[in-house]
Amino acid sequence: MSTEKFAVIGHPIEHSKSPLIHQAFASQFGKSISYEKLLSPLDGFSETVSRLLSEGYRGANITVPFKFEAFEASHVLSDRATSAGAVNTLSFKHEQIIGDNTDGCGLVNDILRHWRRNIEGQKILLLGAGGAAQGVILPLLVQKPALLTVANRSLDKAHMMVQRFEAVAQSNQVKLAVQTFNDLAENYDIVINATSAGLQAEALPLKDTIFAHHTLAYDMMYGRETPFMQQARAAKAQVSDGLGMLVEQAAEAFYIWHGLRPDTAPVIQSFR
Ligand code: NDP
């Protein structure tokens with residue numbers, strides 16, 4: 001049997017850990033796969049996808065800045081992709097492009113499995129209203145937290161995002177709220193930073209009182225200690241970066257392509 005071919009498409013792409021993660025998963029099952037990094041021209045995403053389709057690739061992961069273009073390029077979308085408005089996993093089947101989004105599921109699985117924290121009945125604060133925040137909101141809501149507060153620098157974006165999820169929140173009996181960073185004061189059980197402020201090492205204008213000792217402060221960024229993580233650590237909260245989310249979203253993509261559930265814990269451990 002020929003080796004199945006996969007790729008991760010982005011711009012830039014050199015930093016991507018996806019090939020290493022997928023090869024680690026494949027080796028758990030004695031599978032041989034090819035998984036490469038593909039730098040797509042910024043104006044050439046659809047040509048890159050067409051080439052993979054014609055060359056018999058089975059699927060591709062999509063990273064910055066192409067998640068919205070991957071959404072547009074998909075012939076079929078999962079519910080997760082539709083609610084996120086973005087695609088991070090493509091499967092190629094019989095000339096069809098099937099788009100899914102595993103980012104939110106990756107975050108939730110990391111919180112539940114590796115941090116052993118409940119989401120059900122908890123007070124959750126989500127910082128940010130960009131692509132990453134939009135991708136995690138549905139998977140968070142279906143876990144039935146008591147409260148999900150969204151705060152964002154541009155408040156109108158937070159309101160627009162929350163509006164789209166009001167019906168789901170209601171059916172899961174979740175109280176949805178929007179606040180400014182400055183108005184946040186009470187502590188939360190889980191605080192998720194889905195802003196990209198950490199990329200520029202910028203601090204968010206957050207009061208220390210949002211963190212209690214039992215709070216899990218989760219930054220979706222990985223590979224560096226952000227000002228958000230430093231602030232939460234100083235307030236004695238439990239702190240996580242986004243490495244577990246990265247590995248868990250890859251595990252869900254691996255499951256979509258191979259129907260196999262890899263063991264994520266040793267892979268997260270090896271990257272630490
Ligand atoms: P977007 O560009 O779509 O959104 C950026 C968000 O950050 C917006 O809400 C924006 O607010 C906010 N923001 C940016 N700079 C600042 C600042 N200085 N102060 C306050 N708010 C700020 O990015 P994404 O949503 O795609 O990505 C967000 C983060 O999530 C990135 O760091 C990315 O690396 C990470 N991520 C991690 C994953 C993982 O697997 N671990 C998966 C996906 C993403 P405004 O609306 O006001 O502009």
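Position 1 is the first residue of the sequence; numbering continues from there. No hydrogens, no waters, no symmetry mates; every other heavy atom, side chains included, goes into these values. Counting starts at 1 for both ligands and their atoms, following the listed order.
- Rounding to the nearest 0.5 Å gives a distance of 12.0 Å between CD of Q170 and CG of L141.
- The part of E202 lying near ligand 1 is the side chain, judged by heavy-atom distances below 4.0 Å.
- Every atom of ligand 1 with a heavy atom of G242 under 4.0 Å away is listed here by number and element: 41 (N).
- The protein atom (non-hydrogen) at minimum distance from atom 9 (O) of ligand 1 is N152 OD1, 2.8 Å.
- By heavy-atom distance, the residue among A203, G131, A129 lying nearest atom 3 (O) of ligand 1 is G131.
- What sits closest to atom 37 (C) of ligand 1 on the protein, heavy atoms only, is M220 O, 3.2 Å.
- Taking 4.0 Å as the cut-off, G106 does not count as a neighbour of ligand 1 on heavy-atom distance.
- The parts of T195 lying near ligand 1 are both backbone and side chain, judged by heavy-atom distances below 4.0 Å.
- When distances from atom 12 (C) of ligand 1 to the protein are checked, a heavy atom turns up under 4.0 Å.
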Hey, mind stepping through D219 and T226 against side chain to side chain donor-acceptor pair (under 3.5 Å) and telling me if it holds? CA-CA 8 Å; D219 201 316; T226 61; 2.7 Å; yes
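- Scanning the protein heavy atoms around atom 45 (P) of ligand 1, the nearest turns out to be S154 OG, 3.4 Å.
- Under a cutoff of 6.0 Å and an axis angle of 45°, R58 and F6 do not form a cation-pi pair.
- Annotation: the span from Q238 atom CD to T215 atom OG1 amounts to 9.5 Å, rounded to 0.5 Å.
- Relative ring orientation between Y35 and W257 is described as tilted, the plane-to-plane angle lying within the 30° to 60° band.
- The aromatic rings of F66 and F45 lie parallel to each other, with less than 30° between the two planes, well short of the 60° mark.
- Side-chain contact between D110 and Q249: absent, with no pair of heavy atoms (C-beta onward) separated by less than 4.5 Å.
- The M221 neighbourhood of ligand 1 comprises atoms 32 (O), with distances under 4.0 Å to a heavy atom of that residue.
- With hydrogens left out, the protein atom closest to atom 42 (C) of ligand 1 is M245 CE, 3.7 Å, a heavy atom.
- Remark: minimum distance from atom 17 (C) of ligand 1 to any protein heavy atom is reached at R153 NH1, 3.3 Å.
- Under 3.5 Å, the side chains of T195 and N193 contain a donor-acceptor pair of N or O atoms.
- Of all atoms in ligand 1, listed by their number and element, those nearer than 4.0 Å to a heavy atom of K157 are 45 (P), 46 (O), 48 (O).
- Here's the thing with Y222: none of its N/O atoms is less than 3.5 angstrom from an N/O atom of ligand 1.
- Per-residue contacts place A132 under 4.0 angstrom from the following atoms of ligand 1 (heavy atoms of the residue considered): 24 (P), 25 (O), 26 (O), 27 (O), 28 (C), 30 (O), 44 (C).
- Under a 4.0 Å criterion applied to the non-hydrogen atoms of G128, ligand 1 contributes the atoms 9 (O).
- Nearest-residue assignment for atom 43 (C) of ligand 1 (options K67, K17, Q249; heavy-atom criterion): K67.
- Among protein heavy atoms, the minimum distance from atom 20 (C) of ligand 1 is reached at L204 CD2, 3.3 Å.
- Looking only at protein heavy atoms, the nearest one to atom 31 (C) of ligand 1 is S196 CB, 4.0 Å.
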